[in-house]
Amino acid sequence: MRPKEFLHYTYIFPLLAVGYYFFGLMGTGVIYDIIAGVLLIGSVLSAVHHAEVVAHKVGEPFGTIILALCITIIEVALIISLMVAGGDQAITLARDTVFAAVMLILNGILGICILVGGVKYHEQFFARTSATTYLVSIVSILVLTLVLPNFTSSVNGPFYNEAQLIFISIACLVIYGVFLMVQTVRHRSYFIVPDEHPEEHYIPSLTKTLISFGFLVVCLVIVVLMAKGLSDTIEGMVQSLGAPKSLVGVIIAAVVLLPEGVAAIRAARANQIQSSLNLALGSALASIGLTIPAVSVVCIMYDIPLVLGLDKKDIILLSLSVFIVMLSLSRGKTNVLYGTVLLVNLAAYIFTVIVP
């Protein structure tokens, strides 16, 4: 790479954000927090660019898997750090964050992608087998982790005991592990749409790909660190508006998912709805399939109670979202109505968080 290429905003913003964060300027005033917000958004856009460079080099579906795994690892680190610091006061944090992430992905990211693609292209086509494979895995893990705890009797309340928690964690890892094997080896063709114009795509060099992967990791880490640093400011803003504290988790989850959301929407605008599905549904699956086992290990080690079961309202909203996504993806093509309904579901979820 030529030195002047490093003057691009996708290299400058992450470095500025890292310096800004470690100099301790966040939280020292409204102006400083606004600057932090600008740097955070710049880092998000930078992450999308570097993720696309890596994806062009490794090809599908590996490119989308890398981005999904990077974001999930950082999400897990954020949840664990907050839970260990918060102790018993953070017993619902993992559940609330995972639930918020799944609702934002299934209704928000997927809904916007389908709507944007439908407006621009009327209909977009994808492999139904890929959607079915994703949804089979997602639904199973969702029920095992967020619904079943309400109906077990070994422990009072929406908890699993230690043996149950270990079993559910292993079950999640088995499902996710076999899914990855299906996606990357046995049935890789399910997740790839043949490229009609392969000669038009630029394949980056190995050096540029490695540099972009390094910057991708830096971008994702600094996005989460800055989101965590701005959490008190966000919480204060939410409280000043008289909204419930649970809205803070939704806002932070939205910030963490921004890189993947922007990448998925850009793919939909480029008529690559299969890539959008790979990003959105892959992220949802990784979010629950990896987060719950990792958090369970920490909770067992530190003897932290872990609430997993959702309340009745959230179970209804989750069931509605999964059902609508299954219907929307059952025909192998999309239109604006599917995207609109999913975004209405998202609005209902956010509204009931604010006005429970």
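Note that this is a predicted model, so its numbers are computed, not measured.
- The aromatic rings of Phe179 and Tyr134 sit tilted, their planes meeting at an angle between 30° and 60°.
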Subject >> Stepwise side-chain contact (heavy atoms from CB on, under 4.5 Å) test for Leu257 and Ser283 >> reply: CA-CA 9 Å; Leu257 290 170; Ser283 179; 4.0 Å; yes

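- Proximity of Tyr176 to Leu285: side-chain heavy atoms (C-beta onward) are separated by under 4.5 Å at one or more points.
- Thr133 and Gln183 are not linked by any side-chain donor-acceptor pair at a separation below 3.5 angstrom, with hydrogens and angles left out of the test.
- The CZ atom of Phe99 sits 9.0 Å away from the CD1 atom of Ile315 when rounded to the nearest 0.5 Å.
- If you look at Tyr11 and His50, their ring centroids are closer than 6.0 Å.
- Checking Tyr338 against Arg331 by side-chain atom types alone, a donor-acceptor pair falls below 3.5 Å.
- The environment of CZ in Phe213 is sparse: at most 12 heavy-atom neighbours from other residues, nucleotides or ligands sit within 6.0 Å.
- Ser321 and Asn107 share a donor-acceptor pair across their side chains, judged by distance under 3.5 Å alone.
- Residues Ile211 and Lys208 fail the side-chain proximity criterion, which asks for heavy atoms closer than 4.5 Å.
- Note that CG of Leu165 and CG of Leu308 are 6.5 Å apart. Values are rounded to the nearest 0.5 Å.
- The local environment of NE2 in His187 is crowded, with over 12 non-hydrogen atoms from other residues, nucleotides or ligands closer than 6.0 Å.
- In this structure, the side chains of Ile105 and Leu110 stay at 4.5 Å or more apart for every pair of heavy atoms.
- Counting heavy atoms from C-beta outward, Gln164 and Thr152 have side chains that approach closer than 4.5 Å.
- In this structure, the separation between CD on Gln272 and CG on Leu277 is 12.0 Å, given to the nearest 0.5 Å.
- With rounding to the nearest 0.5 angstrom, the OG atom of Ser137 is 6.5 Å from the CD1 atom of Ile175.
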Subject >> Thr334 vs Phe126, side-chain contact (heavy atoms from CB on, under 4.5 Å): CA-CA, chis, key distance, verdict >> reply: CA-CA 9 Å; Thr334 64; Phe126 59 90; 3.6 Å; yes

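- In this structure, Leu342 and Leu106 have side chains that are not in contact, with every pair of non-hydrogen atoms separated by 4.5 Å or more.
- The local environment of CG in Asn156 is sparse, with at most 12 non-hydrogen atoms from other residues, nucleotides or ligands closer than 6.0 Å.
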